[in-house]
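Below, chains carry the letters A, B, ... as their sequence lines are ordered, and counting in each starts from 1.
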Amino acid sequence: MSAQPILRLANIESCYGPITAIRGISLDLMQGQIVAVLGANGAGKTSILKTISGVLDPLKGTIEFEGRKIQSMEPDKVVRLGISHVPEGREMFPFLSVRDNLRMGAFIRNDQKEIAADIEKMFNYFPVLRERQDQVAGQLSGGQQQMLAISRALMSRPKVLLLDEPSLGLSPLLVKEIFAIIRRLNAEEGVSILLVEQNARMALDTAHYGYVLEVGRVVMHDTCANLVKSDQVREFYLGLHGQGDHGKRR
Amino acid sequence: MTAYFEVKNITIKFGGLTAVDNVSFDIAEGEIFTIIGPNGAGKTTLFNLISRLYTPNAGHIIFRGEDVTKLSAQQIAGRGIARTFQNIELFESASTLQNLLVGRHRHSTTSTWQDILRLKKVRDEEVAHRRAVEEVMDVLRLQKYRDTPIGGLPYGVRKVVEVARALCVGPSLLLLDEPSSGLNVEETDAMAEWILEINNRLGVTVLMVEHDMSLVSRVSDRVLALNYGRAMALGTSEEVQSHPDVVAAYLGA
Amino acid sequence: MRSSYLSIGAMVALCGVAATPASAQFKTQGITDTEIVIGTHMDLSGPIKSWGVPATNGMKLAVEQVNASGGIHGRKLRLVSEDDGYDPKKAVLQTQKLIELDKVFAIVSAMGSATTLAPLPLVQSAGLLHLFPITAAEFTFKMDPAKPEDRLKFNMFSPYYDTMRLSIKYGITQSKAKKPCIVYQDDEMGKNFTDAYTDQLKAMNVPAATMVSFKRGATDFNSQVARMKADGCDLVALGSVTRESIGIVTVAKKLDWAPTFVVSSPTFVPDFPDLGKEATEGVIGVGQTEIFYADTATGKVKDFIEAYRKAFGIEANQQATAGYNGVMVFAHFAEIAGKNLTTESLIAALESGKTFDDIFGGAPVSFSKDNHLGVSAAVIGQIKNGRWATVAKNQTYKE
Amino acid sequence: MSAHVKTSYQQSEQLFPSRAAAFWYAILTAVMIAAPFVIEPYYLSQLVFVLIYAIVGIAMNILSGQAGQVSIGHAAFLAIGAYTAAISAKYGIPLPVYLVLAGAFTGLIGYLVGLPALRLHGIYLAIATLAFAFIVEEVITRWEHVTNGNEGLMLPPPALFGLKLGPYGFFYLCLGVTVLVILAAINIIRSPTGRAFLAIRDSETAARSMGIDTARYKTTAFAISAAITGTAGVLYAHKLSYISPEMFSLSVSIDFVMIIIIGGMLSLRGAVFGAIFMIMVDPMLIVVKDKVPQMTEAAMQAIHLAEPVARTIQAGVVRVVGAPGLKSLIFGLIIILFIIFEPMGLDGRWSRVKAYFRQFPLYRPTSARAQRMFLKSERNR
Amino acid sequence: MLDFVQQVIGGIALGCVYGLIALGFVLIYKATEVVNFAQGEIMMLGAFLSFTFIATLGLNYWFAFLLCVISMAILGAVMERLVVRPILGYPQFSIVMATIGLGLVIRSLVGIIWGTDDLRIETPFTGGVVRVGSLVLAQDSLSIIVATGLLCVILYAFFRFTRVGIAMQATSQNMLAAYYMGIPVKRMFSLIWSLSAIVACCAGILLAPITFIHANLGFLGIKAFPAAVLGGFGSIPGALAGGITIGIVESLSGFYLPEGFKDVAAYVVLLAVLLWRPQGLFGSNALKKV
């Protein structure tokens, strides 16, 4: 594992209109690593991913990708550099067929044969997509759309994959499969992955390194092995606490 | 003896695909009934059939002895069946308060004419609505989001607002579509408490679709597992979770 | 605030007028020792700007010429012109602005029916003259004896009704047509044509035949022409404007059908044969003034064409003459009214029966106490070798 | 979050959000009542048109802003109201009666137009309303013995209880109707009906699942909007004193849509702002056109420019400002610039100005920073 | 019977006029979900440009045609850059209003530059007729029918099969996702406006012999609107089918029905079709997933 950060966020601040979503976050994604970001709803996890992929313009701070500053870059250029994003809420092209959705995933590529092979690969990951390949994406069920969103993001053969809640709405079996795929991508193809996930146990089992966010700030970061041992993480994110009254902490 | 809520041999086809295939089950009053199953098994479709957003090709839905298969979506709500949505269908541009007040719609008896003139009747009802909504907000701890537009709320809070809105309908049967998706462990925990509270204290019967098996085990009285639109297993949470087909198709080894 | 007392007084007076229409109050404003201000509003940007723009140009040119020759009794003319976009709402506001802020002496040659009718009561209640609008609507000259303020309205725009009747009369007489039909634009203008058609046929004891219509801006006339052809029409009156008229005669030619076509003033323009080419050959037309061509014009018309080209960089057309004549008639009668120009004195001059002869060979313009429509005769022409040739001048449909 | 914590269940009974607001609205009302005695008739006339357009703007707001339905055929409702007035006046029916009659009749037609809206969305609904408007125009044109066809109808001066209304009286009539319409609109918006509209606008599916009869409320929205527009039509007809079919063309309908786009879709205030803009922009452009030559002349005198040069420049200026069509060019540009720089409409600007003063000196311009926006298909709404 | 056939043929010719203009609407809508109210004015601009090239500069018709298409493609992109780009992502309603403003600007500019007279250009098709038995069809109408058909096929294939065509649809369906896929959304917008300006330009030049070139040519856009909707906004074959339907309806009702029906027949048919199929003849009706 090389110690070179492929993606480095330094002191990033972003806002949604009047609401400040993240307040000065610094974060490193090392080449070939999986990094998990944990935090409650509204902590700013999704905003980090959006800021990286250029959908949100940061007010302050820098984002470096392979040594190149990419903050405030157009989102499509970011993709061309090799950062692919599986967004929250799936974001299908609802009237395009499943196959065309996948082809759009490979929009930045020109190697037709390889693309066809990659589509096959995605169908092997998620056989249900092969069955539904000629249906329009809008007709898929929620979980199937999630599978399509992940496959579609992989079609661009990214160097860095930003995953926003990949397990959302998926059955327990599929959650296991998806995380297996994430590990495989990372191990076999060397894709560096930034993972935002509510399923903290799954995320910490999969990732190498983790960041914990609270109201837009990083409050803790360490290797996952260490994080799992931390009391705070155990209590708040893994649910391993006594029968305390949850209400008091809200 | 008719059940409180009964689905009889219901079937719906989209094009060549049978999304829900001859499914039957019944729910007793006061029960928490959960549907699980792999993605695309037809869970949400079943919800849409019950709340009459889709029309079944065959079968019947019977609620408190009345065949509600032919009613419209708004009539279903009028009978006291409220629901939430998997992808969250809130009224984005409105505040939390307004969203919840919309939920009270079926309790309004005033006509548009009376609304325009704002007669005393309207004013009295408005105060009553407001009181009811505030109560729901108290239960689900939403007071601090009262005037925030939905667009500015985090995902987890929206999930709760949706449950609150469904509660404002004053339901007898509440349909929850993946109430815990997108929530972290702590929030899921709170959601489980609320579901139990709604069920126990308000006496609302709950029908839900859920993937988080810990939540399912914790709250459900009975569980139905679907696969390919068909019923795969039905029973208590433990029974269903140990059913070999369910393990193979849904839970994984 | 300077004139708030005054304006309150005026307001009270206005309310008074509205409440008691019996008392006539003519008002004179916009006259100084050196200047006469006149106002107009036309469509310079909307659907009939192809009329408004050249007409305004014509007015500007006339004002320049009047001023260059020393003005009217030493007073220079000043024209305030507004663009109403063929929107009656804007026309009302602009008229009010002309009256109150620009303090115009009279509204001259405003254009369009709706756009002149809506502000007309304003002009009348202000006691100002509403002169020579570019519309043939009856309201603009018809007088109600009970309403003295109606004496403020004068028009000299040859009614479409009159020119069409004359055109049909001449066409039927020439071609001995048995079955005359009409195709008309479905609006207020078209209504004038259908009235003329019905009345003229009745007068000549010829049975009426097919009447078909189209919407302004239509591009397809196949079904209308086919219908008239199928009905066996031998004379077709075109109650349309240039472009649509060309469309109709072109379709007829395509279908190898050659009835006698007669047109009235809106199509009695050089553009018609210019754009329509062979299909327009032989068409009979009636209009207010003779058609002029830059290369054959002589004398004052030639001077006019050259001055117009010099001022605006484009060729003058029939529409420009309408605006030009409006100002010229005004200047003519203002001259007659004498040094002491007031609304009353100008009315007196206009009603004196004296005539004005334009430079374009149009019929003489004159008004009287009972007739505020200043024109009664027209020119008949026919297209020969791609140009309008005058057949007869000073004609009228009346026996 | 906002400074005032609202807890009272009676909160929705307050007409104004705060005491201060009530005070300012009272001032505004006083100013409006005093207006005829202060300003010249020309400006009073503009104000009357502003009021009429504001009424239409509110109608558009209820339909599009509140209930999310599109219409580019509202000129037809204006026409129906106007013709009802003209025809009633011809038969000697008194003004108060036909004011109500026109509203009711147009509302009924609006209800009927709302029926197709039950199945149509977006552009399809827009075109259906357009088709309706064309059909109405054609009916008015063809129904000659009632409407006098293309010749149009003249209206008598408006009279109330036998008394003819002068410009003052008419202004007060318009003002009164506007205030009533605004109050009615406020009542609708804060009532179950208004919330049903909102629900339909944001998510029809969710609305139905909340027990809202979407069909009923869609037609209601059309009926209310049409009735208000019809009432405005009565005033419009009287203000113009002459009506003909071609006065209610598509461009008028588009003007109406423009009112709420420019003013801001979501609030009644936006409708009023939009009306002010749509009416005042033309007079304003005229003033500019008249003043510019004077100003350049003065400027050249001030810098003592040589006479012949000055005269050439002056002629050029006069030529440019007098160019036919220049005004509509500028109007088009204003619309484009407006939408680019003020996407939330005048009302959005108003809110920001208010926020600036409230937070002064802590106002952070970043909070008003334009965010990237991404369009999603509205086809499956 | 002969009358009937002649009317139907006339209707098809007329319908292709509507269809051709409607194509421009449909293109932009399909790729951006914006209804471009300036489409008619862009067509008018194309027609005036062709006048300058053909009549004023005296160029060869086909060469001028090419020149006109190229300049309109550039102008289309410029308009997109100046008017649509700054408001990319705003609600469709706002963009639609901006196109109305754009239409006003173009109309005024054309009036200021070219004046208000009707203009005419000579084309290779002017005046010629094709006869089959006793049926007559003008060559200029024929040119429109052929061009409309051709454009339909090309554009349909473009959207159905090419990567860029599909990417355009993707952009219209979900702009954010398009960005995430690395689709250069802004360039897509420029491209589609260029394409649509080209189609409008072709329409303007082909229509010139029939309607002349004048400042109100843009209003024809409004007449093409029902055609686009009838076919199902966003469907390219639909634009043609809708146009022809309306053309035939107008033609036949003008011939057989009493006065006044011709002008509203199209709208009545439109309403009837929409009540039967709310998404138009060729439109897709996708259920919303909840």
Side-chain angles (χ1 to χ4, degrees), chain A residues 49-50 52-56 73-97 99-110 112 115 135-145 148-149 152-158 161-162 164 169, chain E residues 26-27 29-33 81 85-86 88-92 156-192 232-238 279-280 282-290:
Chain A
L49 298 195
K50 285 187 170 174
I52 296 171
S53 57
V55 168
L56 278 181
M73 198 183 253
E74 285 293 304
D76 56 290
K77 299 223 172 69
V78 175
V79 178
R80 276 168 197 275
L81 292 177
I83 300 180
S84 194
H85 187 164
V86 179
E88 178 188 35
R90 304 176 193 125
E91 305 291 351
M92 296 288 97
F93 300 121
F95 305 108
L96 292 187
S97 69
R99 181 176 276 276
D100 279 345
N101 264 279
L102 289 174
R103 272 164 66 186
M104 283 299 108
F107 183 83
I108 59 168
R109 292 166 55 188
N110 266 321
Q112 291 308 318
I115 291 174
Q135 256 180 37
V136 294
Q139 300 279 0
L140 298 183
S141 83
Q144 290 164 345
Q145 288 187 358
L148 180 54
R152 197 179 56 175
L154 292 175
M155 288 298 296
S156 66
R157 293 200 171 168
L161 187 62
L162 310 177
D164 199 346
Chain E
V26 167
L27 273 184
Y29 184 80
K30 199 172 172 68
T32 67
E33 291 219 348
R81 185 70 193 78
R85 182 77 59 88
L88 211 60
Y90 285 11
Q92 271 105 344
Y156 179 76
F158 172 74
F159 276 112
R160 184 77 180 74
F161 301 112
T162 68
R163 189 171 69 122
V164 174
I166 297 172
M168 280 179 175
Q169 296 178 60
T171 307
S172 79
Q173 290 169 21
N174 192 333
M175 196 187 286
L176 181 61
Y179 271 121
Y180 284 142
M181 299 303 109
I183 297 171
V185 170
K186 294 179 178 173
R187 211 177 319 142
M188 291 290 146
F189 268 69
S190 297
L191 191 59
I192 198 65
F233 231 93
S235 159
I236 286 168
Q279 70 282 20
F282 286 70
S284 61
N285 188 18
L287 268 177
K288 182 179 180 175
K289 269 299 240 203
V290 287

With rounding to the nearest 0.5 Å, note down the distance linking CG in Leu176(E) to NZ in Lys50(A). 6.5 Å
Where do Met188(E) and Phe107(A) come nearest, in terms of heavy atoms and distance? CE-CZ, 3.7 Å
So how far is it from Glu91(A) CD to Met181(E) CE, rounded to the nearest 0.5 Å? 9.5 Å
At their closest point, which heavy atom of Met92(A) faces which heavy atom of Asn174(E), and how far apart are they? O-ND2, 3.1 Å
Taking C-beta and beyond as the side chain, do Pro184(E) and Arg80(A) meet within less than 4.5 Å on heavy atoms? yes
Kindly indicate, with the supporting measurements, whether the criterion side chain to side chain contact (heavy atoms under 4.5 Å, CB included) is fulfilled by Val185(E) and Glu74(A). CA-CA 10 Å; Val185(E) 170; Glu74(A) 285 293 304; over 6 Å; no
Which atom of Phe161(E) lies closest to which atom of Arg103(A), heavy atoms considered: O-NH2, 3.9 Å
With a 4.5 angstrom heavy-atom cut-off, is it the side chain or the backbone of Ser53(A) that approaches chain E, or both, or neither? side chain
Side-chain touch Lys186(E)/Asp76(A), heavy atoms, less than 4.5 angstrom: no
Looking only at Asn101(A), Ile108(A), Ile83(A), Val78(A), most heavy-atom pairs under 4.5 Å shared with chain E are made by Ile108(A)
Are more than 12 heavy atoms from other residues, nucleotides or ligands located less than 6.0 Å from atom OH of Tyr156(E)? no
Measure across Pro87(A) and Tyr180(E) and return the closest heavy-atom pair with its distance rounded to 0.1 Å. CB-CE1, 3.4 Å
For Gln173(E) and Phe95(A), which heavy atoms make the closest approach, and how far apart are they? OE1-N, 2.9 Å
Which heavy-atom pair separates Met104(A) from Ala167(E) by the least distance, and what is that distance? SD-CA, 3.4 Å
